[in-house]
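Scroll down for the structure; my scribbles are underneath it.
We use all heavy atoms of the structure for the numbers below, so side chains are in, but hydrogens, waters and symmetry mates are not.
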Amino acid sequence: MQDARAFLQKSVTKDQIQLIEGDAFERIEELQGSYDFLFVDASKGHNIRFVETFSPYLKPGGLMVVDNVLFKGWTYEPSEAPKRLQPLAKKMASFNEWLLKHSQFKTTIHPIGDGMAVAIKQ
């Protein structure tokens with residue numbers, strides 16, 4: 001988060017950006033109005049809950065980025081994950097399918113790093 005603050009301070013649009021740090025579910029009362037961008041780096045098992053809770057705050061045409069959606073590639077084949085991680089790999093695969101089919105978003109999954117879903121709100 002320190003890097004985010006440093007980049008924000010250098011930005012020419014810093015007065016137009018609201019950075020809310022901490023657990024989003026504990027800070028929801030601070031949200032006001034609607035937002036252009038939503039970055040989801042939540043606990044993998046809570047991505048659907050996160051999107052359902054916070055996407056109403058995203059403007060139509062707004063961009064949502066969800067990090068780590070490929071889970072080391074195991075979302076393609078959850079059975080190849082270590083046994084203890086297979087349930088989470090299946091949950092992430094289900095999330096990806098859910099988001100790709102979500103009627104409010106046009107979504108693309110990019111194999112960058114550990115995977116990044118980029119969704120535009122319709």
Side-chain angles (χ1 to χ4, degrees):
M1 201 47 127
Q2 190 173 7
D3 288 341
R5 281 193 291 299
F7 282 114
L8 180 60
Q9 287 306 309
K10 294 176 186 177
S11 172
V12 296
T13 58
K14 66 182 173 192
D15 295 331
Q16 299 171 346
I17 298 171
Q18 178 185 11
L19 181 63
I20 301 173
E21 299 179 49
D23 184 315
F25 292 109
E26 294 175 4
R27 311 289 301 267
I28 195 167
E29 70 280 350
E30 295 176 39
L31 299 179
Q32 298 176 5
S34 57
Y35 295 85
D36 298 307
F37 181 77
L38 177 61
F39 180 69
V40 181
D41 192 13
S43 169
K44 290 176 181 62
H46 294 100
N47 280 346
I48 289 177
R49 179 177 169 227
F50 195 96
V51 171
E52 288 176 338
T53 301
F54 295 100
S55 65
Y57 294 96
L58 190 63
K59 293 177 182 176
L63 186 67
M64 178 175 64
V65 175
V66 185
D67 201 17
N68 303 316
V69 296
L70 296 180
F71 195 32
K72 303 180 191 286
W74 294 328
T75 56
Y76 291 118
E77 193 59 56
S79 64
E80 291 187 13
K83 192 153 185 84
R84 67 182 180 81
L85 296 176
Q86 287 179 10
L88 188 53
K90 288 176 187 175
K91 195 171 218 177
M92 284 302 300
S94 293
F95 167 76
N96 291 345
E97 186 175 330
W98 175 83
L99 186 58
L100 286 166
K101 293 179 179 178
H102 198 294
S103 64
Q104 282 193 303
F105 292 99
K106 181 175 176 123
T107 303
T108 306
I109 295 179
H110 300 274
I112 299 167
D114 202 17
M116 186 172 291
V118 178
I120 299 171
K121 188 171 182 181
Q122 303 300 297

Query raised in the report: Would you say Leu58 and Ile28 are hydrophobically clustered, going by side-chain heavy atoms of ILVMFWY under 4.5 Å?
Result: yes
Requested in this report: Indicate yes or no for a side-chain donor-acceptor contact from Asn96 to the backbone of Val69 under 3.5 Å, with no hydrogens or angles considered.
Outcome: yes
Query raised in the report: Do Leu99 and Tyr76 belong together in a cluster built from hydrophobic side chains that touch within less than 4.5 Å?
Result: yes
Query - Greater than 12 external heavy atoms within 6.0 Å of Lys44's NZ - result: yes
Query raised in the report: Should we count CD of Gln2 as having more than 12 external heavy atoms under 6.0 Å?
Result: no
Query raised in the report: So, do Phe50 and Leu38 sit near enough that their side-chain heavy atoms are less than 4.5 Å apart?
Result: yes
Query raised in the report: Out of curiosity, Ile109 CD1 to Leu70 CG, how far, rounded to the nearest 0.5 Å?
Result: 6.5 Å
Requested in this report: Scan residues 45-64 for pairs that pass side chain to side chain donor-acceptor pair (under 3.5 Å), counting only residues two or more places apart or in two chains.
Outcome: Asp36-Lys59, Ser43-His46
Report task. Apply ring-ring contact (aromatic ring centres under 6.0 Å, His included) to Phe105 and list each qualifying residue two or more places apart in sequence or on a separate chain. Result -> His102
Can you give each donor-acceptor pair under 3.5 Å made by side-chain atoms of residues 81-88, sequence neighbours left out, with the distance rounded to 0.1 Å?
residue: Gln86; atom: NE2; partner: Ser79; partner atom: O; Å: 3.0
residue: Gln86; atom: NE2; partner: Ala81; partner atom: O; Å: 3.0

Report task. To the nearest 0.5 Å, tell me how far Lys10 NZ sits from Leu8 CG. Result -> 11.5 Å
Report task. Rounded to the nearest 0.5 Å, what's the gap from NZ on Lys90 to CE on Met92? Could you check? Result -> 15.0 Å
Query raised in the report: Taking only residues two or more places apart in sequence or in another chain, which ones pass ring-ring contact (aromatic ring centres under 6.0 Å, His included) with Phe71?
Result: Trp74
Query raised in the report: What class does the angle between the rings of Phe54 and Phe25 fall in, given that below 30° is parallel, 30 to 60° is tilted and above 60° is perpendicular?
Result: tilted
Query raised in the report: Does Leu63 sit in a hydrophobic cluster with other residues, and if so which ones, taking ILVMFWY side chains as linked at heavy-atom separations under 4.5 Å, directly or through other members?
Result: Phe37, Phe39, Val65, Met116, Val118, Ile120
Query raised in the report: Does any pair with a residue in residues 105-122 pass side chain to side chain donor-acceptor pair (under 3.5 Å), and if so which ones, sequence neighbours excluded?
Result: none
